[in-house]
Amino acid sequence: MSADKPCAAGAGPEHAGSVLQRRLSLVDLLDPLTFGDVVDSLGELYRVGIRVLDERGRTLADAKGSNGDFCGFVNACPQGRSRCATLGARLNEGPLVPTQGAQALPGVSPLGGELLAQPCFTGLRYVVMPVWWEGDALGRVVLGPFAPEELTDVSASLGEVEGLDLARARELVTHVPRLSEHKATKMLAHVAQVLAALLAAGQKSYLTGQLHLEAMLETQRDLEAQNAQLSRLNQRLKESDRIKSSFLGTVSHELRTPLSSIIGYSEMLAEGLVGGLNPEQMQFVRTIMEKGNTLLKLISSILDMSQIEAGKVRLAFEWVDVRELVESALTSVAPQAQRKGLTVKVQMPAVGQPRVVADREKLRQVVVNLLANAVKFTPGGGRVDVRLSEQGPQVELGVPGYRIEVEDTGVGIPVDQRERIFQSFYQVDDSPTREYGGAGLGLAIVKSYVEGHGGQVSVTSEVGQGSCFRVVLPKEPPLSGQGPAYIPPPIDTEPERF
Ligand code: ADP
């Protein structure tokens, strides 16, 4: 690592790049409270001041030594204070080179670099130990002030300080701890050992923490990239879905007109409007009508779905008699049910049921779709039950409403398919050889129309035993929300009892 890299202290852009390439800092590696306590106890042990500064000269720990009242006494004079401050600043910012009276001590400093002895203008002394760690200059330790062993008198420069009582200063300097250079160096070697142990432990946990952070940031960056990719794909999917809906809508619309003509002309033929048909011809014409009607239903479903997906469906709400509506839906599936020999049972609430607000045609289609499925997926001889509940509070909706249930004894739906069958074009059996016809749109239309009424549709089922589709609807659709706008019917068509 090189010393000219930007400082690693603090967070933010300074921390860009891998943690292994980052310049280390004392602030990052040491816990300030623990480190402060350690330095305090070393200061107490040696009875000499120890100050630890980082590479910017910021104090990380400062243990005051016991130099009696000498320094305080010198500081009490303005000139003494100013010279003391100048020296303090120099120790904070440097020198780490032997200048301005500082001298390199023999030998190598325990944490790299040179030990420097810095004289004080009073005659006292400091020793500065640089702190190098893995090639980075992290800061320095300043030991002192102490009285050098060879000190016999305060320095001559102290005598130049105006207003200072020199005799008192001479007396006080005798209380300042006296140290030989050798002893000061040994003390610093001890401090270096403690500092090295703390730095090693601090570096380990710092790197672990940083690597963990980096791994998390990397994961977050990956997730963000994936998210962006997903939203691009989503956008494209939405666009293709829109194109698909619009294509299906156009094609269905174009097919419906000629198909209606085919069915219409077949009906005219079957009714003998253009002359009598022999039994075989009649059979052919009926088949054309039947297949034509199946195709027309399919096309209508596709058209409905494309309208729903394009958000073009507006529900026309009015007061509706649900009993009547269910009965009418039943008539449209009765022939198929009869052909398969199914028993269809209807359970309606007692009379006196108030009307509800709904889109008559759409709600009828909901019931027809559910009934048509029940009939389609129930083998011959089975049973279909239709139940319309009394009106009352509906827990799911939190408002008064009613339920329509269509239950069958048919093939049932595997548990993992129960959510998916409500998606458009989804069928449990979508193999080309599937037994049942259909396009997989009926339930998607049911869900969309029911939700448009502010209701919910759900299914319970057991494979091989049957299914029960439950539609819960509010008595009146909500005025706002995601569903289509609801305009209450005029006052003069207040609900009647039937
Ligand atoms: P379609 O009936 O045209 O295939 P739907 O959307 O109405 O489309 O139904 C989707 C699928 O849900 C069906 O293909 C079928 O697999 C399953 N399903 C719907 N209703 C029933 C039911 N009553 N019993 C068993 N399976 C059903």
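Starting from 1, each residue takes its place in the sequence as its number. Basis for what follows: all heavy atoms, side chains included, without hydrogens, waters or symmetry-related copies. Start at 1 and go down the list; that is how both ligands and their atoms are numbered.
Residue contacts with ligand 1 do not include N369, since none of its heavy atoms lies under 4.0 Å from the ligand. Residue contacts with ligand 1 leave out G410, since none of its heavy atoms falls under 4.0 Å from the ligand.
Side-chain contact annotation: R364 with S328, donor-acceptor N/O pair under 3.5 Å present. When only modelled atom types and interatomic distance are considered, N92 and R58 share no side-chain donor-acceptor pair under 3.5 Å. Q394 and Y402 share no donor-acceptor pair across their side chains, judged by distance under 3.5 Å alone. No hydrogens or angles considered: nothing links the side chains of R339 and Q336 as a donor-acceptor pair under 3.5 Å.
S252 contributes a side-chain N or O that, together with a main-chain N or O of L248, makes up a donor-acceptor pair within less than 3.5 Å. In terms of modelled atom types and a separation under 3.5 Å, the side chain of D408 and the main chain of G410 share a donor-acceptor contact. A donor-acceptor contact shorter than 3.5 Å is absent between the side chain of T59 and the backbone of A61. Remark: the backbone N or O of P349 is paired with a side-chain donor or acceptor of R323 at under 3.5 angstrom.
The distance from ligand 1 to the heavy atoms of L443 drops below 4.0 Å at these ligand atoms: 5 (P), 6 (O), 7 (O), 9 (O), 12 (O), 19 (C). When each atom of ligand 1 is checked for a heavy atom of A439 under 4.0 Å away, the hits are 3 (O). Near L441, with a cut-off below 4.0 Å to any heavy atom, the atoms of ligand 1 are 6 (O), 8 (O). Each of the following atoms of ligand 1 lies closer than 4.0 Å to a heavy atom of G412: 25 (C). Against a heavy-atom cut-off of under 4.0 Å, G440 is close to the following atoms of ligand 1: 1 (P), 3 (O), 4 (O), 6 (O), 8 (O). Atoms of ligand 1 found under 4.0 Å from any heavy atom of Y426, numbered from 1 in the order shown, are 10 (C), 11 (C). Numbered from 1 in the order shown, with element, the atoms of ligand 1 that lie under 4.0 Å from a heavy atom of K376 read 1 (P), 2 (O), 3 (O). Close contacts between ligand 1 and G442 involve ligand atoms 5 (P), 6 (O), 7 (O), 8 (O) [criterion: under 4.0 Å to a heavy atom].
Between K238 and D241 there is no salt bridge, since no side-chain nitrogen of the basic residue lies less than 4.0 Å from a carboxylate oxygen of the acidic one.
For Q427, a nitrogen or oxygen atom sits less than 3.5 Å from a nitrogen or oxygen atom of ligand 1, counting backbone and side chain alike. At least one N/O-N/O distance between V428 and ligand 1 falls below 3.5 Å. Looking at ligand 1, you won't find any N or O of F377 less than 3.5 Å from one of its N or O atoms. Residue V411 has no nitrogen or oxygen atom sitting less than 3.5 Å from a nitrogen or oxygen atom of ligand 1, judged on distance alone.
Annotation: the span from I404 atom CD1 to R470 atom CZ amounts to 12.5 Å, rounded to 0.5 Å.
With a 4.0 Å heavy-atom cut-off, ligand 1 is reached by no atom of F422. Looking at T378 against ligand 1, nothing comes within 4.0 Å, counting heavy atoms.
When N373, I421, I413 are checked for heavy-atom proximity to atom 20 (N) of ligand 1, N373 turns out nearest.
The protein atom (non-hydrogen) at minimum distance from atom 23 (N) of ligand 1 is D408 OD2, 2.9 Å.
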Could you walk me through whether R242 and E239 pass the salt bridge (charged side-chain N to carboxylate O under 4.0 Å, His left out) test, one step at a time? CA-CA 5 Å; R242 193 193 60 74; E239 183 54 17; 3.0 Å; yes
